[in-house]
Asker: 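Quick one: structure below, then a few questions.
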Amino acid sequence: MTPIPVNPDALPVPSGYSHGTLIGNTLYLGGQTALDENMKIVEGGITEQFRQAFRNVLTTLREVGGRPEDLVSITLYLTDIPGYQAHGKEIGRVWRELAGPVYPAMAGIGCTALWQPEAMIEILGVAVIPEDRLIRSAAGDSVRAEQGG
């Protein structure tokens, strides 16, 4: 099996990395911060940064026909664990709004800084997409999202 880069048009164009890498039906989701379409970290604190970073993760997941329930592991890198904990209920509501009531294995790791200095969170993960939803191009070198997903 050959790894296939997954880079949705809706996310910033990557340089030196991929937003995701698909091998077989397993998608390895690259770390996503709260970058918006203008390549700026969203304002509004940890809850809004979580919302945008998780949206970015889900955008990559959907690009290969995946759904939130296909996530098997999520890792959160946090520059302020107490701040994240203080907003846990709000963040939980955002998770349920975007992904529903399904929770994969998760880890939260404190770190001193992320790639963008204003970023407070980076999310990466792994998903396993059922073969019946995984759509590949005829050439086999790119993947498209399921229509009507």
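Keep in mind that the numbers below use all heavy atoms, side chains included, and drop hydrogens, waters and symmetry copies. Position 1 is the first residue of the sequence, and the numbers go up from there. Note that the structure is predicted; figures quoted are calculated from it, not measured.
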Asker: Using side-chain heavy atoms (C-beta onward) and a distance below 4.5 Å, is Tyr84 in contact with Leu76?
Answerer: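 Answer yes - side chains close enough.
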Asker: In this structure, are over 12 heavy atoms from other groups packed under 6.0 Å from Asp9 atom CG?
Answerer: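 At most 12 heavy atoms, drawn from other residues, nucleotides or ligands, come within 6.0 Å of this atom.
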Asker: Hey, any chance Ile91 and Val57 share a hydrophobic cluster, counting ILVMFWY side chains that come within less than 4.5 Å of each other, even indirectly?
Answerer: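 Linked within one cluster.
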Asker: For Leu124 and Ile74: C-alpha separation, side-chain torsions, deciding distance, then whether side chain to side chain contact (heavy atoms under 4.5 Å, CB included) applies.
Answerer: CA-CA 6 Å; Leu124 62 98; Ile74 289 287; over 6 Å; no
Asker: Output, in order, the C-alpha distance, side-chain angles, deciding distance and verdict of side chain to side chain contact (heavy atoms under 4.5 Å, CB included) for Ile123 and Phe50.
Answerer: CA-CA 8 Å; Ile123 305 172; Phe50 174 84; 3.9 Å; yes
Asker: Identify the two heavy atoms, one from Asp80 and one from Gly83, that lie closest to each other, and give their separation to 0.1 Å.
Answerer: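 Where Asp80 meets Gly83 most closely, the heavy atoms are OD1-N, 3.0 Å.
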Asker: Between Asn56 and Leu35, is there a donor-acceptor pair closer than 3.5 Å when you use the side chain of the first and the backbone of the second?
Answerer: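 Yes, the answer is positive, given that a donor and an acceptor are paired below the 3.5 Å cut-off.
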Asker: When you compare the side chain of Arg55 with that of Gln32, does any pair of heavy atoms fall below 4.5 Å?
Answerer: no
Asker: Would Thr33 and Gln116 count as a side chain to side chain donor-acceptor pair (under 3.5 Å) here? Give the steps.
Answerer: CA-CA 8 Å; Thr33 58; Gln116 296 96 7; 2.9 Å; yes
Asker: Are Thr79 and Cys111 close enough, and set up right, to give a side chain to side chain contact (heavy atoms under 4.5 Å, CB included), and what steps lead you there?
Answerer: CA-CA 5 Å; Thr79 59; Cys111 58; 4.3 Å; yes
Asker: I'd like to know if the side chain of Trp95 and the backbone of Val102 have a donor-acceptor N/O pair within less than 3.5 Å.
Answerer: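 Present.
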Asker: Run the side chain to side chain contact (heavy atoms under 4.5 Å, CB included) check on His19 and Val6 step by step: do they pass?
Answerer: CA-CA 6 Å; His19 291 292; Val6 179; over 6 Å; no
Asker: Around Glu97, counting heavy atoms of other residues, nucleotides and ligands shown, do more than 12 lie under 6.0 Å from its CD?
Answerer: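 Enclosed.
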Asker: Which atom pair, heavy atoms only, marks the closest approach of Glu48 to Val42?
Answerer: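 That closest heavy-atom pairing would be O-CG2, 3.5 Å.
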Asker: Taking Gly66's backbone N and O only, do any of them form a donor-acceptor pair with Arg133's side chain (distance below 3.5 Å, no angle check)?
Answerer: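 No.
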Asker: Using a 4.5 Å cut-off on heavy atoms from C-beta on, say whether the side chain of Val126 contacts that of Leu29.
Answerer: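 When only atoms from C-beta onward are counted, Val126 and Leu29 do not touch, as no gap falls below 4.5 Å.
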Asker: Are His87 and Pro82 close enough that some pair of their side-chain heavy atoms sits under 4.5 Å apart?
Answerer: no
Asker: Taking side chain as C-beta onward, heavy atoms only, is Val72 less than 4.5 Å from Asp70?
Answerer: no
Asker: Where is the tightest heavy-atom contact between Met120 and Gly45, given as atom of each residue plus distance?
Answerer: SD-C, 4.0 Å
Asker: Can you name the closest pair of heavy atoms from Pro14 and Asn7 and give their distance?
Answerer: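 Heavy atoms only, the tightest pair is CG-OD1, 3.3 Å.
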Asker: Does any part of the side chain of Val64, heavy atoms only, come nearer than 4.5 Å to the side chain of Ile129, both counted from C-beta?
Answerer: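 They are in side-chain contact.
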Asker: Return the minimal non-hydrogen interatomic distance between Ser73 and Pro104, and the atom names on each side.
Answerer: N-CB, 3.7 Å
Asker: First locate atom OH of Tyr77, then atom CH2 of Trp115, and finally report the distance between them rounded to the nearest 0.5 Å.
Answerer: 15.0 Å
Asker: Side-chain contact, heavy-atom cut-off 4.5 Å: Leu27 with Leu61?
Answerer: yes
Asker: Please determine whether residues Leu114 and Ile109 belong to a single hydrophobic cluster, defined as Ile, Leu, Val, Met, Phe, Trp and Tyr linked transitively by side-chain heavy-atom distances below 4.5 Å.
Answerer: yes
Asker: Taking 4.0 angstrom as the limit, do Lys40 and Glu118 come out as a salt bridge?
Answerer: no
Asker: Search all heavy atoms of Leu134 against all heavy atoms of Gly24 and return the closest pair with its distance.
Answerer: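 That closest heavy-atom pairing would be CD2-O, 3.6 Å.
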Asker: Is it true that Arg93 and Glu90 have a side-chain N and a carboxylate O under 4.0 angstrom from each other?
Answerer: no
Asker: Using side-chain heavy atoms (C-beta onward) and a distance below 4.5 Å, is Tyr103 in contact with Arg96?
Answerer: yes
